[in-house]
Undergrad: 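Following this message is one structure expressed as structure tokens.
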Amino acid sequence: MRPFEPLERGRVGMYNCGPTVYDRQHIGNLYSYVVVDVLRRTLEYFDLGVKQVMNITDVGHIVDDADAGVDKMAIGAERAGKTPLQIADAYTRLFMADRHRLNILDPQVVPKATDHIPEMIALIERLIAKGNAYVAADGVYFDVTTFPGYGTRLNAEAPDQRIAGARVEVNENKRHPNDFALWRRAKAGDLQQWDSPWGRGNPGWHIECSAMSMKYLGETFDLHSGGEDHLFPHHECEIAQSEAATGKPFVRYWVHVRFLRVDSEKMAKSKGGFLTLDDVVAWGYDPLAFRLLALGAGYRTGLDFTREGMNAAQSRLERWRRTIGAAYAATKGRVAEPEGEHAITSEFRAALADDVNTPKALAAAEKALALAAISDTDEQERALWMLFDMDRVLGLSLRDAAATTDELAADERALFDQREGARRSGDYAKSDELRKELLERYGIQVKDTKDGTRWERVGRKGA
Ligand code: AMP
Ligand code: ZN
């Protein structure tokens with residue numbers, strides 16, 4: 001395996017193929033974005049500055065391949081009785097909200113395809129001028145015979161073999177059956193169409209990603225990701241048209257996420273039935289338990305989603321929260337960076353450096369948790385520091401777990417009970433004094449409500 005070296009020292013440009021926003025994103029889609037989020041966080045953990053770009057495909061591309069079949073945006077729009085942009089907007093919002101529930105960081109740039117039609121047209125013009133694309137009766141096509149090795153850059157299998165068994169619509173306008181559309185002339189009733197030198201129409205799906213990635217990251221950039229279904233044709237087409245246009249290497253490292261399967265079955269939204277994060281939450285799971293489940297699988301293996309797996313992830317998350325909460329209470333919210341790099345942190349870093357091996361990284365986190373469970377506050381302070389440090393990559397909100405723990409340490413509990421006693425016996429002066437003491441000494445805010453006494457860890461002043 002090749003070590004990762006960015007083009008520019010200390011900085012990484014990363015492009016993630018984003019969603020087609022004609023429907024909800026299912027947990028398979030979301031899983032692929034958890035994986036790239038962990039990748040981004042890993043690079044940042046190793047002190048690299050990451051510029052992350054994720055597009056929003058709000059132009060209808062096709063269900064089967066880039067130039068035959070039905071327009072996805074049109075399907076979604078028709079179903080909802082809304083315009084394509086209205087549904088694109090609504091589903092983009094839901095997608096971003098799902099991402100936030102999973103602690104997926106926002107990319108710095110989230111370009112929409114519909115805002116980049118001029119860039120796509122310019123790229124197509126470049127390809128025509130160089131003889132790599134031709135104008136046909138129904139649009140503009142990329143001539144794959146002008147790009148040696150087309151379709152074999154990411155996979156040794158020749159595209160002819162790969163698509164031999166697939167259903168390919170014969171299109172007489174193409175010079176070669178593997179040629180793919182860069183621009184499609186509008187058909188009557190097309191909801192999304194723009195002016196171009198080749199008449200009104202809309203761009204092919206592949207050209208969107210080439211145009212937007214190169215606009216924000218340059219003609220050669222470091223990382224490009226997508227699900228395994230994007231290997232071919234999407235990414236092979238992106239490589240062909242980008243490199244043909246610029247004469248430069250397009251992407252230095254590709255990341256393809258193996259699919260999430262539900263009970264070992266492929267889950268495709270074009271098939272109809274699929275699971276959303278809302279379904280998972282409605283079953284009573286924490287969205288972060290789904291994130292933890294995702295972390296437990298290597299991105300090259302893919303994730304087998306089952307209820308048993310979710311149950312295990314939920315219990316694991318709760319156990320982590322309890323352990324961290326109790327340790328945090330024991331240390332009174334103190335954490336301490338170990339002197340020199342702790343062996344557990346080294347193990348964690350080595351796991352991430354090894355092709356982002358998250359299952360191994362979780363094993364290191366479990367060791368820190370075991371340390372946090374030991375009743376020795378010095379060890380606990382160090383364990384907490386390590387866990388919060390790891391959480392920069394894991395993204396499980398472990399600090400929140402610590403602050404909202406429902407556990408009080410023994411001395412806190414004693415003071416709390418003493419105050420409860422004073423309040424019940426009507427000694428309000430004493431009860432107020434003890435309330436103040438709980439806040440000042442332990443950072444615990446006590447509130448008397450009609451349902452009884454509640455407390456919250458708000459932190460000590462100056463701590
Ligand atoms: P789409 O909205 O269909 O373009 O998909 C968005 C992203 O999710 C793409 O990168 C797909 O490759 C990826 N994807 C689709 N289905 C799955 C799945 N079952 N598991 C993981 N990733 C998926
Ligand atoms: Zn793409």
Side-chain angles (χ1 to χ4, degrees), residues 14-39 53-66 69 71-73 75-76 87-88 91-92 94-96 98-99 102 104 107 110-113 116 120 123 154 180 203-217 221 223-242 250-251 254-271 273-277 290 293-294 297-305:
M14 161 154 110
Y15 183 86
N16 313 129
C17 280
T20 312
V21 284
Y22 76 114
D23 203 340
R24 280 308 285 268
Q25 288 279 291
H26 56 57
I27 54 172
N29 304 129
L30 293 170
Y31 166 63
S32 75
Y33 296 108
V34 169
V35 170
V36 292
D37 181 61
V38 172
L39 174 58
V53 181
M54 176 191 67
N55 69 293
I56 298 288
T57 297
D58 57 354
V59 176
H61 74 79
I62 338 294
V63 174
D64 290 329
D65 78 13
D71 182 322
K72 284 184 177 177
M73 289 303 301
I75 297 174
I87 63 150
Y91 287 121
T92 301
L94 287 168
F95 170 58
M96 294 314 282
D98 280 350
R99 289 171 57 98
L102 292 169
I104 299 174
V110 185
K112 289 190 213 167
H116 295 79
M120 296 175 209
L123 193 54
L154 302 171
F180 55 90
W205 169 36
H206 316 308
I207 202 75
E208 292 178 22
C209 282
S210 287
M212 291 187 277
S213 59
M214 292 199 287
K215 171 168 178 174
Y216 295 103
L217 297 170
F221 58 90
L223 275 163
H224 192 315
S225 77
E228 60 177 315
D229 57 327
H230 285 180
L231 273 162
F232 184 83
H234 188 46
H235 288 160
E236 293 282 4
C237 294
E238 279 191 50
I239 294 171
Q241 65 201 4
S242 304
F250 176 46
V251 167
W254 289 88
V255 176
H256 291 98
V257 181
R258 278 261 177 284
F259 268 16
L260 172 147
R261 297 166 299 270
V262 176
D263 297 324
S264 306
E265 295 263 348
K266 184 172 183 254
M267 183 179 53
K269 66 182 164 190
S270 40
K271 278 193 193 162
F274 62 88
L275 296 174
T276 65
L277 190 59
F290 178 71
L293 181 77
Y299 77 93
R300 286 180 195 266
T301 323
L303 180 62
D304 219 332
F305 180 92

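We're numbering straight along the sequence, starting at 1. Order of appearance sets the numbers: ligands from 1, and atoms from 1 within every ligand.
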Undergrad: Looking only at distances, please establish whether an N/O atom of ligand 1 is found under 3.5 Å from an N/O atom of Gln25.
TA: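 Yes, at least one N or O pair falls under 3.5 Å.
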Undergrad: Using distance alone, determine whether Arg258 and ligand 1 share an N or O pair under 3.5 Å.
TA: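 Among all N and O atoms of Arg258, none is under 3.5 Å from an N or O of ligand 1.
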Undergrad: Determine whether a donor-acceptor pair (N or O, by modelled atom type, separation under 3.5 Å) exists between the side chain of Ser32 and the backbone of Asn29.
TA: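 Side chain of Ser32 to backbone of Asn29: a pair is present.
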Undergrad: So is His26 touching ligand 1 or not, going by heavy atoms under 4.0 Å?
TA: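 For ligand 1, residue contact (heavy atoms, under 4.0 Å) with His26 is present.
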Undergrad: Is Lys266 near ligand 1, meaning one of its heavy atoms is under 4.0 Å from it?
TA: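 No; Lys266 lies far enough from ligand 1 that no heavy-atom distance drops under 4.0 Å.
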Undergrad: Does any N or O in the side chain of Ser242 come within less than 3.5 Å of the main-chain N or O of Ile239, such that one atom is a donor and the other an acceptor?
TA: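 No.
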Undergrad: Between Thr301 and Ala297, is there a donor-acceptor pair closer than 3.5 Å when you use the side chain of the first and the backbone of the second?
TA: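 A pair under 3.5 Å: no.
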Undergrad: Listing by chain and number, what protein N/O/S atoms are under 2.8 Å from the Zn ion (ligand 2)?
TA: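 Correct list: Cys17 SG, Cys209 SG, His234 NE2.
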Undergrad: Which of the listed options, Val262, Leu260, Thr20, Val257, holds the heavy atom that is closest to atom 4 (O) of ligand 1?
TA: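 Comparing heavy atoms across Val262, Leu260, Thr20, Val257, the nearest one to atom 4 (O) of ligand 1 lies in Thr20.
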Undergrad: N/O of Glu228 under 3.5 Å from N/O of ligand 1, yes or no?
TA: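 The answer is no, given that Glu228 and ligand 1 share no N or O pair closer than 3.5 Å.
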Undergrad: For atom CZ of Arg258, decide whether the heavy atoms of other residues, nucleotides or ligands shown that lie under 6.0 angstrom number more than 12.
TA: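 Counting other residues, nucleotides and ligands, CZ of Arg258 stays at 12 neighbours or fewer.
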Undergrad: Among all residues two or more places apart in sequence or in another chain, which pass the ring pair (Phe, Tyr, Trp, His ring centres under 6.0 Å) test with His116?
TA: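 His116 satisfies ring pair (Phe, Tyr, Trp, His ring centres under 6.0 Å) with Tyr216 once adjacent residues are dropped.
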Undergrad: When you look at Trp205 and His230, which way does the ring pair (Phe, Tyr, Trp, His ring centres under 6.0 Å) test go after all the steps?
TA: CA-CA 11 Å; Trp205 169 36; His230 285 180; 5.2 Å; yes
Undergrad: Between Asp229 and ligand 1, which part of the residue brings a heavy atom under 4.0 Å of the ligand: side chain, backbone, both or neither?
TA: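 Only the side chain of Asp229 comes within reach of ligand 1.
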Undergrad: Considering only heavy atoms of Gly226, which atoms of ligand 1 have at least one such atom less than 4.0 Å away?
TA: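 With Gly226 as reference, the close atoms of ligand 1 come out as 10 (O).
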Undergrad: If only atom types and distance count, is the side chain of Asn55 paired as donor or acceptor with the main-chain N or O of Pro111 below 3.5 Å?
TA: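 Answer holds: no.
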Undergrad: Whether Asp37 and Arg99 form a salt bridge (side-chain N of Lys/Arg under 4.0 Å from carboxylate O of Asp/Glu) is what I want to check.
TA: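 Salt bridge absent between Arg99 and Asp37.
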Undergrad: Would you say the side-chain atoms of Glu208 pair up with the backbone N or O of Met120, donor to acceptor, closer than 3.5 Å?
TA: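 A pair under 3.5 Å: no.
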Undergrad: After noting the C-alpha distance and the side-chain angles of Tyr31 and Phe305, does the key distance pass the side chain to side chain contact (heavy atoms under 4.5 Å, CB included) rule?
TA: CA-CA 10 Å; Tyr31 166 63; Phe305 180 92; over 6 Å; no
